[in-house]
Amino acid sequence: MVKYSFTLTVKDTKEQYTYALDLNYQQENSPEDIFIPQVRENLRSALQNQSQCAIRNNHLNHIIQTWIQDIKEGFRNSGLTLSLPLLSETNMEDLHETGYQDLPVIIPPNLSKLEPEMGMLPPLNFC
């Protein structure tokens, strides 16, 4: 078996994350057969856990197509640089929080000790 690795680089951080597969001779000759749904989700979850970035279906398809092409051309190391949103940012779309709906306790102001400081209205200058 031969080890093939894919390195994902996140554009803004320049950090690299790697995922590897061991392929036999038959899988090397037809790499598109390797990426069954289970392997695709393993790839997505591994890269998401490492990078803490959201990998959507279009990103995953781009990664897999690049990797398949590189395997067909005989490259054992493949890589791609993508601009990916953080997982925390993408989860905000799914947030359905109604918030704290109770009104706060209203404290009435104490106006009994409120007095003017000068004892009269300030002078008005109309110039």
Side-chain angles (χ1 to χ4, degrees):
M1 297 190 101
V2 179
K3 184 175 183 176
Y4 285 84
S5 65
F6 181 83
T7 303
L8 173 66
T9 305
V10 179
K11 188 175 186 179
D12 297 333
T13 63
K14 300 296 182 193
E15 294 183 28
Q16 296 184 339
Y17 309 98
T18 304
Y19 186 82
L21 288 173
D22 289 324
L23 305 181
N24 59 31
Y25 179 75
Q26 183 180 358
Q27 291 171 327
E28 286 180 303
N29 290 334
S30 58
E32 56 276 347
D33 296 339
I34 302 164
F35 295 101
I36 59 175
Q38 182 182 0
V39 173
R40 292 172 62 92
E41 287 307 311
N42 288 345
L43 172 62
R44 182 198 314 258
S45 63
L47 292 176
Q48 281 185 159
N49 289 338
Q50 290 177 37
S51 67
Q52 293 300 307
C53 292
I55 299 175
R56 295 190 175 117
N57 287 334
N58 60 335
H59 297 127
L60 184 63
N61 290 335
H62 189 72
I63 289 169
I64 290 172
Q65 291 305 318
T66 302
W67 203 2
I68 287 172
Q69 187 62 34
D70 288 350
I71 291 172
K72 284 181 178 180
E73 293 176 6
F75 296 110
R76 294 199 175 143
N77 297 316
S78 182
L80 191 60
T81 301
L82 294 174
S83 178
L84 300 172
L86 293 175
L87 275 174
S88 58
E89 292 174 2
T90 57
N91 292 339
M92 294 301 282
E93 298 168 356
D94 299 330
L95 184 64
H96 298 291
E97 179 65 38
T98 59
Y100 185 70
Q101 298 295 322
D102 291 341
L103 293 176
V105 177
I106 297 176
I107 302 171
N110 185 6
L111 301 176
S112 64
K113 296 181 181 178
L114 188 62
E115 297 179 10
E117 289 185 19
M118 302 194 68
M120 62 178 196
L121 294 174
L124 301 175
N125 295 328
F126 296 105
C127 299

TODO: Could you tell me how the ring of Y19 sits relative to the ring of W67: parallel (under 30°), tilted (30 to 60°) or perpendicular (over 60°)?
DONE: perpendicular

- [ ] Might you point out which heavy atoms bring D22 and M1 nearest each other, and give the distance in Å?
- [x] O-CE, 3.5 Å

Open item on the list: Has R76 got a side-chain atom pairing as donor or acceptor with S5's backbone, closer than 3.5 angstrom?
Closed with: no

Open item on the list: If you count heavy atoms of other groups shown closer than 6.0 angstrom to CD of Q26, is the number above 12?
Closed with: no

Task: Close side-chain approach of L87 to Q48, heavy-atom, < 4.5 Å - done: yes

Task: Inter-residue atom distance Y4.OH - I71.CD1, 0.5 Å rounding - done: 6.5 Å

Task: Nearest-0.5 Å distance that lies between atom CD in E15 and atom OG1 in T7 - done: 13.5 Å

TODO: Ignoring hydrogens and angles, state whether a donor on the side chain of Q65 or Q69 is under 3.5 Å from an acceptor on the partner side chain.
DONE: no

- [ ] Could you go through the side-chain contact (heavy atoms from CB on, under 4.5 Å) check for V10 and L82 one step at a time?
- [x] CA-CA 5 Å; V10 179; L82 294 174; over 6 Å; no

- [ ] Start with the C-alpha gap between F6 and T18, add the side-chain angles, then the distance that decides, and say whether side-chain contact (heavy atoms from CB on, under 4.5 Å) holds.
- [x] CA-CA 6 Å; F6 181 83; T18 304; over 6 Å; no

TODO: Hey, could you give me the CG/CZ distance between L60 and R40, rounded to the nearest 0.5 Å?
DONE: 4.5 Å

Task: Cluster link L43 to I36, ILVMFWY, side chain under 4.5 Å - done: yes

Open item on the list: Please tell me whether V2 and F35 are part of a single hydrophobic cluster in this structure, the criterion being side-chain heavy atoms less than 4.5 Å apart.
Closed with: yes

TODO: Evaluate side-chain hydrogen bond (donor to acceptor under 3.5 Å, both in side chains) for Y25 paired with Q27, printing each intermediate quantity in order.
DONE: CA-CA 6 Å; Y25 179 75; Q27 291 171 327; over 6 Å; no

Open item on the list: Could you report the tightest heavy-atom contact between R56 and P85, atom names first, then the distance?
Closed with: NH1-CG, 4.0 Å

TODO: Before giving the answer on side-chain contact (heavy atoms from CB on, under 4.5 Å), spell out for I34 and L23 the whole-Å C-alpha distance, their side-chain angles and the decisive distance to 0.1 Å.
DONE: CA-CA 9 Å; I34 302 164; L23 305 181; 3.4 Å; yes

Task: C53 side, atom SG; L47 side, atom CG - distance, nearest 0.5 Å - done: 10.0 Å

Open item on the list: Please report the interatomic distance CD1(I63) to CD1(I55), rounded to the nearest 0.5 Å.
Closed with: 5.0 Å

- [ ] Of all the heavy-atom pairs spanning A54 and L84, show the shortest one and how long it is.
- [x] O-CD2, 3.8 Å

TODO: Please round to the nearest 0.5 Å and tell me the distance separating atom CG of D12 and atom OG1 of T81.
DONE: 11.0 Å

Open item on the list: Please find the pair of heavy atoms, one from T66 and one from G79, that lie closest to each other, and give the distance.
Closed with: CG2-O, 4.2 Å

Open item on the list: Using salt bridge (charged side-chain N to carboxylate O under 4.0 Å, His left out), reason through E32 and K72 one step at a time and then give a plain yes or no.
Closed with: CA-CA 9 Å; E32 56 276 347; K72 284 181 178 180; 3.3 Å; yes

